[in-house]
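Let me begin by presenting the structure, written as structure tokens, before commenting on it.
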Amino acid sequence: MEYNFTEIEKKWQKFWEDNQTFRVTEDPSMPKYYVLDMFPYPSGAGLHVGHPLGYIASDIYSRYKKLKRYNVLHPMGYDAFGLPAEQYAIQTGQHPAVTTENNIRRYRKQMDKIGFCYDWSREVRTCDPKYYKWTQWVFIKLFKHWFNKKTNKAEPVKSLIAEFERNGNSAVEASSDKCRIFSASEWKSMSEKEQQLILLNYRLAYYADTMVNWCPALGTVLANDEVKEGYSLRGGHPVEQKKMKQWLLRVSAYAERLLDSLEKLDWSESLKDIQKNWIGRSEGAVINFKVDNAADKKGRKAEIEVFTTRPDTIFGCTYMVLAPEHELVEKITTPQYNIQVEEYIEETKKRTERERIADTKTITGRFTGAYAEHPFSGEKLPVWISDYVLAGYGTGAIMAVPAHDSRDFDFAKHFDLPVREVVSGGDISQGSYDNPEGILINSDFLNGLNVEDATERIISELEKRGRGYKKINYRLRDAIFSRQRYWGEPFPVCYKNEVPYVLDEDQLPLVLPEVDSYLPTEKGEPPLGRAKNWQTPEGYPLELSTMPGFAGSSAYYIRYMDPNNNNELVSKEANRYWENVDLYIGGTEHATGHLIYSRFWNKFLYDTGVVCRDEPFKKLINQGMIQGRSNFVYRVKNSNKFVSLGLKDNFDVTPIHVDVNIVNNDILNIDLFRKWNPEYFDAEFILEEDGTYRCGYAIEKMSKSLYNVVTPDDIIEKYGADTLRMYEMFLGPLEQSKPWDTSGIDGVHKFLRKLWNLFHNEKNEPCISNETPGADELKILHKTIKKIEEDIERFSFNTSVSAFMICVNDLGALKCNKRQILEKLVIILSPFAPHIAEELWHILGKKESVSTATFPEFKSGFLTEDYIQYPVSFNGKTRLKIDFPADYDKEDIERDLMKNDDVLKYLKGQKPKKIIVVKGRIVNIVV
RNA sequence: GCGGAUGUGGCGGAAUUGGUAGACGCGCUAGACUUAGGAUCUAGUGCCGCAAGGCGUGGGGGUUCGAGUCCCUUCAUCCGCACCA
């Protein structure tokens, strides 16, 4: 036996655990560095080879930073509440806590085998009451705060109440729901219930009637980021729109800050773009249009409020459209049109979100019979309803400008409404001219202005006349925060007189109760409706919904700083020391969910003084997906005969996925294939000339159903964890998606064996020389030190693996076993292959873990060369390679070139027009 | 429709600032050793060509002494958003 990775890896994993090698504490004498992985949801399927990619990268970086003398926080935990465990519970009756516990144990086992340097003493689980106590605590805090637009931050509701008592709400500028204006005396005369209901409009966690994404199959509402193209992200079930009373988080209050501070984050541009898109800032104006035939009790005309990004086109407005759900529809529809409008509203209600999206080409709508008045021309504008206007965006109403908006144009053409051009530059007979460029026409006082000036002018005019104002609108919606499910955090909320109140902090955690079934009750209540005594000691009923998945993951990075603190979410000292995450590695699938919510959550905690940094994740890297590489066998139709890839075109065949684990370099192991599926036991094979069965392949998602799943466990058993770690990195750039193909792993494994051999003689006995290394050996070493350091700093781990291979190949060629070289090599390799590094470090006579060493310093002196080989090209084509002394100048080189026979041969007697010499790099002769 | 990413040998990929395209590894070919090889070692391996030489970084055009890299244009694949007013 030579390099016995199984034994070595077990030994050092035990050593790390016994010695608590990676346990960290706050140490003000050292600079901190916080490396975080997106913690996993422990699914029943366990980890496949794609999951640990990011963990390995962050582990390498953590170990590197430790060698660079940083105090590194590198924790891990579990996002343990969630739907799959609960769905499984419904099917099997197994308590989700049990499934979750089992899955966590399996994950931990799998992770331990890879040799990560996590400080497991800091582990968190979102389903642990000691953890979710603090999730509930933050919820209460959100409930007790409102967002003051004047100070642009969250403030206690107490201060809001004080203001109401003093001056009513007229001077309050809050991110809030629409709320009527009241005076201080009105406030004081209100009942407790009335006051509480008003405050709900202001709270950052609030309870309101809202349009939700309802998923009947899952029996719960979903947040916008949990729905994709009308289907639930988890499970792919249809989702419909429904009005329901739900808990929401006022994320929209932070839209501007979430957008602005993206600038200073070291995230990829594409991820920032996704967030920018999701937040969806648009600048425009709110304009009020009076409606003729509807007035309130005091005789004030009703007003349609619209939001537009093109107020400059206001004179091109020829009609108005309300969303079918708009509250004014009922009030303004004239009796004559009542029936058809009601019909239309019924129809749209029936359509699911998915149908609406799928069917965007059919133009539908109804006239309400009402007319609005143009704020400048006084023209009568017919008011329509149509589902192309969304209730949930802007004000749910638009001024239609068919000449300059393609949707309005299509609608106008369909219903034969007038089109009036107001910005020159397009051809209105052909279609709308949406470009915001051109000169205003047919627009009264705006005529002759360009779009930009016209926009400015019209807004000031609107403001002067009190008919509108400048407004920045965001697409980002408040997050629906309740789920009608069991396996999540209970809300610390009870209801008195149907008004929600939060529990006192000292009643936390509010522990998830036991239920006899995980299904909704007969009354249609969530599963918590089945819990016995689900009420406060005073007898008030508790909330029946639970919190969504993103609740527990929104502040977990804070909890790691001080995971066992029972008095605070995080102590001031721990938070001030660790501040925030320096490096966060995870998948891009969380771009609009977790990464928005946790930024929001963090900003709120920053406003309230709980944490000291206003952004949670300074630098973020999205690792690419590892795709599966599937293999196929080709069955001749209506037979049990399988034909090899090279011959399959001669037959009528069906490609069938075959387990990649019984295929090697696309050659099928026929014996294993027969055993793999009894159906194929008697199969016949048509083989290649060389007697092998060659499989086809395709790059697909890694998935059980495609038989292309490779687990880290299998790889570790065959090659060891160090090989797995290095091969995962060797596959390609961290951020790119790339297919997993086990075939290539031999190269990395061979490398580790070659490394082992540098330290051992033919009899596999350790054999280290104390001789002083020569210049060539030092050069190889320092070239590698430099390369590895640079590569790690830019997260180019694939190229560092190559650099190690080159280094070991070169040292192997020199048969170098000199201590001074090998010691440093082991240190720089240890982040990548920690087990073999520890073993070799030990062989070098060290007693401590190699992780306590210091990253060696690169010395440029060892790299200087006497001669430099210059590629010599003629007209840009490389023809020759000539050595020149390193200190040669341009003139020296030119002079020598003209004496060189080969150069003269290529010149064929011509005189060069020009000679370009870039010192130390190239020579180019222009003929 | 909008926004983003990617395109280099049979395959994964390298080339960090405009300066030797294909490092490193897999695979393949030949050889050595071996009872044997899915072990190990040596050599070769972008394409065309016997060769000289020519062609080569998705396609077309440009800037430059010199372009995978910069500019324009176009195609393909993937991802995100989408009646967002």
Side-chain angles (χ1 to χ4, degrees), chain A residues 228-229 268-278 280-282 284 306-310 313 321 356-357 359-361 363 386-390 392-401 404-408 410-411 434 473-475 477 588-589 591-592 622 624-625 627 629 664-667 669 697 699 727 730-733 735-751 753 787 790-791 793-794 796 798-806 809 869-881 912-918 920-927:
Chain A
K228 209 182 149 190
E229 286 162 12
S268 75
E269 281 310 310
S270 66
L271 184 62
K272 287 194 206 174
D273 281 342
I274 292 173
Q275 291 219 338
K276 275 182 206 160
N277 265 326
W278 190 261
R281 181 185 198 272
S282 52
V306 304
F307 173 71
T308 175
T309 53
R310 291 293 303 277
T313 62
V321 187
R356 260 176 89 154
I357 291 166
D359 184 23
T360 57
K361 289 198 182 75
I363 294 164
S386 170
D387 65 2
Y388 89 89
V389 173
L390 304 176
Y393 185 76
T395 60
I398 62 155
M399 63 171 208
V401 184
H404 303 289
D405 181 287
S406 56
R407 292 152 309 175
D408 296 345
D410 294 343
F411 191 85
D434 298 5
N473 201 46
Y474 295 94
R475 201 190 73 109
R477 311 250 54 86
T588 182
E589 68 271 19
T592 52
N622 287 124
M625 292 246 291
Q627 296 147 307
R629 187 180 186 277
N664 194 295
N665 281 330
D666 291 341
I667 306 294
N669 184 325
Y697 75 89
I699 306 303
Y727 187 54
F730 188 58
L731 282 178
E735 293 178 68
Q736 251 172 51
S737 286
K738 58 245 161 187
W740 177 271
D741 182 4
T742 307
S743 309
I745 204 168
D746 275 342
V748 171
H749 192 63
K750 244 184 255 176
F751 153 76
R753 282 211 306 266
K787 175 81 176 146
E790 285 171 358
D791 282 354
E793 293 286 359
R794 65 191 174 105
S796 175
N798 54 326
T799 52
S800 26
V801 177
S802 302
F804 281 124
M805 288 174 169
I806 293 167
N809 284 345
Q869 189 183 57
Y870 283 85
V872 179
S873 50
F874 294 79
N875 295 333
K877 297 244 177 238
T878 310
R879 301 291 181 187
L880 298 167
K881 280 158 196 177
K913 267 193 204 142
K914 197 173 172 187
I915 300 177
I916 290 126
V917 176
V918 182
R921 298 222 88 125
I922 56 109
V923 174
N924 190 18
I925 299 170
V926 187
V927 192

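Chain letters run A, B, ... following the sequence lines, proteins first and then strands; every chain starts at 1. Just the heavy atoms: all of them, side chains too, but no hydrogens, waters or symmetry mates, feed the values below. Remember, it's a predicted structure, so these values are computed and weren't measured experimentally.
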Quick one: classify the glycosidic conformation of rG27(B) as syn or anti, with syn meaning within 90° of 0. anti
Both distances under 3.5 Å, Watson-Crick or G-U wobble: report the partner of rC78(B), or none. rG4(B)
To the nearest angstrom, how far is Ile916(A) atom CD1 from rU20(B) atom P? 14 Å
For the P atoms, the ones on rA39(B) and on rA30(B), what distance do you get once it is rounded to whole angstrom? 16 Å
Whole-Å C1' distance, rA15(B) and rC24(B): 12 Å
Which is true for Asn809(A) with a 4.0 Å heavy-atom rule: it touches a base, it touches only sugar-phosphate, or it touches nothing? sugar-phosphate
Identified pairing partner of rA32(B), criterion: Watson-Crick or G-U wobble below 3.5 Å: rU40(B)
Watson-Crick or G-U wobble partner of rC70(B), both distances under 3.5 Å: rG62(B)
Can you tell me the distance, in whole Å, between the CZ atom of Arg475(A) and the P atom of rC81(B)? 8 Å
5' precedence on RNA chain B between Gly394(A) and Asn798(A) (nearest-nucleotide basis): Asn798(A)
Taking the P atom in each of rG7(B) and rU69(B), what is the distance between them to the nearest angstrom? 11 Å
Name the pairing partner of rG22(B), where a pair is Watson-Crick or G-U wobble with both distances under 3.5 Å, or state none. none
Between rU16(B), rC84(B), rG19(B), which nucleotide gets closest to the side-chain atoms of Glu790(A)? rU16(B)
Describe the nucleic acid contact of Leu731(A) in one word from base, sugar-phosphate, nothing, applying a heavy-atom distance below 4.0 Å. sugar-phosphate
Would you please name every residue forming a side chain to side chain contact (heavy atoms under 4.5 Å, CB included) with Asn924(A), sequence neighbours left out? Ser873(A), Ile916(A), Ile922(A)
Val918(A) near the nucleic acid: base, sugar-phosphate alone, or nothing, with a heavy-atom cut-off under 4.0 Å? base
Atom-pair distance (CD1 on Ile745(A); C1' on rG25(B)), nearest Å: 12 Å
Looking at residues at least two apart in the chain, or sitting in another chain, which of them share a side-chain hydrogen bond (donor to acceptor under 3.5 Å, both in side chains) with Thr878(A)? none
Between the main-chain N or O of Ser282(A) and the side-chain N or O of Tyr474(A), is there a donor-acceptor pair closer than 3.5 Å? no
Going by purine N1 to pyrimidine N3 plus the second Watson-Crick contact, or the G-U wobble pair, all under 3.5 Å, which nucleotide sits opposite rG27(B)? rU45(B)
To check you understand the geometry: which heavy-atom pair defines the closest contact between Ile398(A) and Val306(A), and what is its length? C-CG1, 3.5 Å
Of the candidates rU16(B), rC84(B), rG12(B), the side chain of Phe730(A) sits closest to rG12(B)
Under 4.0 Å, counting only non-hydrogen atoms across every strand here, what does Asn665(A) touch: a base, just sugar-phosphate, or nothing? sugar-phosphate
In this structure, how many angstroms lie between the P atom of rC24(B) and the CG atom of Asp791(A), rounded? 15 Å
Value in whole Å for how far the P atom of rC2(B) lies from CG of Asp434(A): 11 Å
Just to verify, what does Trp278(A) make a side-chain hydrogen bond (donor to acceptor under 3.5 Å, both in side chains) with, not counting sequence neighbours? none
Quick one: is Arg921(A) getting a side-chain N or O under 4.0 Å of the rU17(B) phosphate, OP1 or OP2? no
Results of ring pair (Phe, Tyr, Trp, His ring centres under 6.0 Å) for Phe751(A) - residues two or more places apart only: none
Quick check on Arg753(A): does its CZ atom have over 12 non-hydrogen neighbours (other residues, nucleotides or ligands) under 6.0 Å away? yes
Strictly under 3.5 Å: I want the nitrogen or oxygen pairs between protein and nucleotides 3-11 of chain B, one per line.
none

Interatomic distance, Tyr727(A) OH vs rG12(B) C1' [rounded to whole Å]: 7 Å
Of all the nucleotides listed (rA14(B), rC65(B), rG25(B)), which has the minimum atom distance to the side chain of Thr799(A)? rA14(B)
Please state the C1' separation for the pair rG25(B) and rA36(B) - nearest whole angstrom. 27 Å
Which atoms form the tightest heavy-atom contact between Arg921(A) and Pro871(A), and what is the distance? O-CD, 3.1 Å
I'd like to check the side chain to side chain contact (heavy atoms under 4.5 Å, CB included) partners of Asp741(A); sequence neighbours left out, ordered by chain and number. Arg629(A), Ser743(A)
Out of rU20(B), rA14(B), rC24(B), which nucleotide sits closest to the side chain of Met805(A)? rC24(B)
d(CZ, Phe751(A); C1', rC24(B)) in whole Å: 11 Å
Between Lys913(A) (NZ) and rC65(B) (C1'), how many Å, whole number? 10 Å
Just checking Lys272(A): base, sugar-phosphate only, or nothing, at a heavy-atom cut-off of under 4.0 Å? nothing
If only side-chain N and O atoms of Thr308(A) are considered, is one of them under 4.0 Å from the OP1 or OP2 phosphate oxygen of rC84(B)? no
So, are Lys272(A) and Glu269(A) salt-bridged, with charged N and O less than 4.0 Å apart? yes
Side chain of Arg407(A) only, please: which of rC83(B), rG19(B), rU20(B) is the nearest? rC83(B)
Just the atom pairs and distances: protein N or O near nucleotides 36-40 of chain B's N or O, under 3.5 Å.
residue: rG38(B); atom: N2; partner: Asn664(A); partner atom: ND2; Å: 3.4
residue: rU40(B); atom: OP1; partner: Arg753(A); partner atom: NH2; Å: 2.5

So Arg879(A), base contact, sugar-phosphate only, or nothing? Heavy-atom distance under 4.0 Å. sugar-phosphate
Which of the following nucleotides, rC83(B), rC24(B), rA15(B), is nearest to the side chain of Tyr388(A)? rC83(B)
Quick one: side-chain hydrogen bond (donor to acceptor under 3.5 Å, both in side chains) partners of Gln275(A), sequence neighbours excluded? Arg599(A)
Measuring only the P atom in each nucleotide, how far is rG13(B) from rU63(B)? A whole number of Å is fine. 34 Å
Separation between the C1' atoms of rG22(B) and rG46(B), rounded to whole Å: 7 Å
Does Ile398(A) reach a base, just sugar-phosphate, or nothing at all? Heavy atoms under 4.0 Å. base
For a quick test of reading the model, state the closest non-hydrogen atom pair linking Phe307(A) to Gly394(A) and the distance between them. CB-CA, 4.4 Å
Set of residues satisfying side chain to side chain contact (heavy atoms under 4.5 Å, CB included) with respect to Lys738(A), sequence neighbours excluded: Leu53(A), Ile626(A), Leu731(A)
When you measure from the side chain of Thr878(A), which nucleotide among rG19(B), rA21(B), rA85(B) comes out closest? rA21(B)
Between rC41(B) and rA76(B), how far apart are the two C1' atoms, rounded to whole Å? 44 Å
Measuring only the C1' atom in each nucleotide, how far is rA52(B) from rU64(B)? A whole number of Å is fine. 30 Å
